[in-house]
Structures are given as structure tokens and as C-alpha cells.
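Since the structure is predicted, the reported quantities are computational estimates derived from the model, not experimental observations.
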Amino acid sequence: MTLQTDRPSWPRLRLRIHFGEAEMLGPGKAELLERIARTGSIAAAGREMGMSYKRAWMLIETLNAMFRAPLVESTRGGPGGGGAVLTETGQQVLALYRRIEAEAAEAGAGTLRGMQALLRDIPDGK
């Protein structure tokens with residue numbers, strides 16, 4: 001599992017997978033899962049993404065409810081502090097999402113280049 005820290009080249013494809021009316025997995029939730037795996041904390045992962053603790057928790061609760069097994073397990077704080085880890089299911093879901101992203105980007109690369117060739121030139125990248 002790799003955290004994408006470099007800005008992607010443009011144009012880029014951003015995928016959101018809808019499983020139902022209110023059930024979806026997209027780049028933001030995938031990034032949150034990656035950051036939880038790296039930091040061991042929902043709060044720290046959310047802070048890194050500029051979101052509130054409450055928002056990060058709500059997203060994890062939504063993800064945990066979507067799948068047959070939770071994607072993230074957490075322990076409450078206390079003298080030893082709390083923490084969070086991706087479960088095996090969480091690792092699988094994240095890996096599958098990233099694989100779908102990579103396959104879609106590869107399949108659409110030529111078409112994206114064709115579309116990019118039709119874009120107006122923008123001075124100074126603005």
C-alpha cells in the first residue's frame with residue numbers, strides 16, 4: 001500500500017465507485033484509509049487531510065457499515081492512548097480500489113491524451 005504524495009500529472013482520472021444510493025468509495029475515503037494505515041490513528045489521518053475528527057470518524061463508520069466486515073478497527077484512548085488499524089478486509093478493499101484506479105488510468109491513457117490535445121493552452125498553468 002503506497003501513499004500518493006506527489007501531485008499527479010494532468011489530466012488525471014478520479015474514480016468514485018457507487019455501491020448504492022449513499023454507499024460509495026472514492027479517492028478521499030481511499031486516502032483516509034491509507035493515512036490510517038500509516039499513522040495508526042483516525043484523528044491523525046483526518047488532521048493530515050484537513051478534516052475534523054468527527055468527519056473522519058463519520059467516514060470510517062460509513063465504510064465499516066458498507067462492507068461485510070469492518071475496514072478499520074479502533075481502540076479507545078486512555079493511559080496507553082487509542083489507535084486504529086486497517087483490518088484484512090480494509091487492506092483488501094483499499095488494494096482493490098487502487099487496482100481499479102490503475103487499470104482505468106492505463107485503459108484510458110490514450111483517450112485522455114487525445115482529449116488533452118484539444119484543450120486550450122493556459123498561460124502559466126493557471
Side-chain angles (χ1 to χ4, degrees):
M1 185 171 22
T2 59
L3 183 63
Q4 296 175 346
T5 55
D6 297 334
R7 278 194 86 89
S9 60
W10 300 97
R12 64 183 172 140
L13 196 59
R14 291 178 49 99
L15 296 177
R16 180 177 294 146
I17 303 167
H18 293 259
F19 299 102
E21 190 66 31
E23 297 175 327
M24 64 187 84
L25 177 61
K29 287 177 183 168
E31 182 180 350
L32 181 60
L33 290 173
E34 284 179 332
R35 289 177 186 256
I36 289 168
R38 185 175 49 76
T39 64
S41 166
I42 294 170
R47 270 193 308 275
E48 284 185 1
M49 294 177 69
M51 74 174 66
S52 72
Y53 176 73
K54 181 178 180 179
R55 174 79 175 139
W57 256 107
M58 287 173 42
L59 291 174
I60 294 308
E61 287 175 342
T62 299
L63 285 169
N64 281 347
M66 282 171 46
F67 293 90
R68 290 182 184 169
L71 305 190
V72 176
E73 288 182 345
S74 62
T75 56
R76 290 194 180 273
V85 295
L86 290 191
T87 63
E88 185 176 327
T89 301
Q91 293 170 18
Q92 289 176 325
V93 166
L94 181 57
L96 289 168
Y97 176 80
R98 291 302 187 204
R99 184 171 159 193
I100 291 167
E101 275 187 322
E103 289 173 358
E106 185 178 333
T111 305
L112 281 173
R113 281 191 299 275
M115 188 176 291
Q116 185 176 22
L118 298 173
L119 290 172
R120 180 177 350 160
D121 289 335
I122 303 173
D124 299 326
K126 296 180 184 175

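- Around atom CE of Met115, no more than 12 heavy atoms belonging to other residues, nucleotides or ligands sit under 6.0 Å away.
- Under a 3.5 Å cut-off, the side chain of Thr87 and the backbone N or O of Pro70 do form a donor-acceptor pair.
- Ser74 places a side-chain heavy atom less than 4.5 Å from the side chain of Trp57.
- Leu71 CG to Glu88 CD: the interatomic distance, rounded to the nearest 0.5 Å, is 12.0 Å.
- The distance from the CZ atom of Arg14 to the CZ atom of Arg12 is 5.0 Å, given to the nearest 0.5 Å.
- No continuous path of ILVMFWY side-chain contacts below 4.5 Å connects Met58 to Val93, so the two sit in separate hydrophobic clusters.
- Atom CD of residue Glu103 and atom CG of residue Leu15 lie 10.5 Å apart, to the nearest 0.5 angstrom.
- No side-chain donor-acceptor contact under 3.5 Å links Tyr97 to the backbone of Gln92.
- Residue Arg113 holds its CZ atom at 8.5 Å from OG1 of Thr111, rounded to the nearest 0.5 Å.
- Residue Leu32 forms a side chain to side chain contact (heavy atoms under 4.5 Å, CB included) with just one option from Ile42, Leu94, Ile60, Val72, and that option is Ile60.
- The line from CZ of Phe67 to OG1 of Thr89 is 9.5 Å long, rounded to the nearest 0.5 Å.
- Closest approach of Ala56 and Gly46 over heavy atoms only: CB-CA, 4.1 Å.
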Pair Arg35-Glu31, salt bridge (charged side-chain N to carboxylate O under 4.0 Å, His left out): steps then yes or no: CA-CA 6 Å; Arg35 289 177 186 256; Glu31 182 180 350; 2.7 Å; yes
Run the numbers on Glu34 and Arg98 for salt bridge (charged side-chain N to carboxylate O under 4.0 Å, His left out), then give the verdict. CA-CA 11 Å; Glu34 284 179 332; Arg98 291 302 187 204; 3.0 Å; yes
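- Hydrophobic clustering of Ile, Leu, Val, Met, Phe, Trp and Tyr side chains at less than 4.5 Å, counting indirect connections, keeps Met24 apart from Leu13.
- Side chain of Thr75 to main chain of Gly83: a donor-acceptor pair is present (N/O by atom type, distance under 3.5 Å, no hydrogens or angles).
- Val85 and Leu59 fall into different hydrophobic clusters, where Ile, Leu, Val, Met, Phe, Trp and Tyr are joined by side-chain heavy atoms under 4.5 Å apart, directly or via other members.
- Put simply, the side chain of Gln116 does not reach to within 4.5 Å of the side chain of Leu112, judged on heavy atoms.
- Residues Leu63 and Lys29 form a side-chain contact, since some pair of their non-hydrogen atoms from C-beta on lies under 4.5 Å apart.
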Could you give me the CA-CA distance, side-chain angles and deciding distance for Arg16 and His18, then say whether side chain to side chain contact (heavy atoms under 4.5 Å, CB included) is met? CA-CA 6 Å; Arg16 180 177 294 146; His18 293 259; 3.5 Å; yes
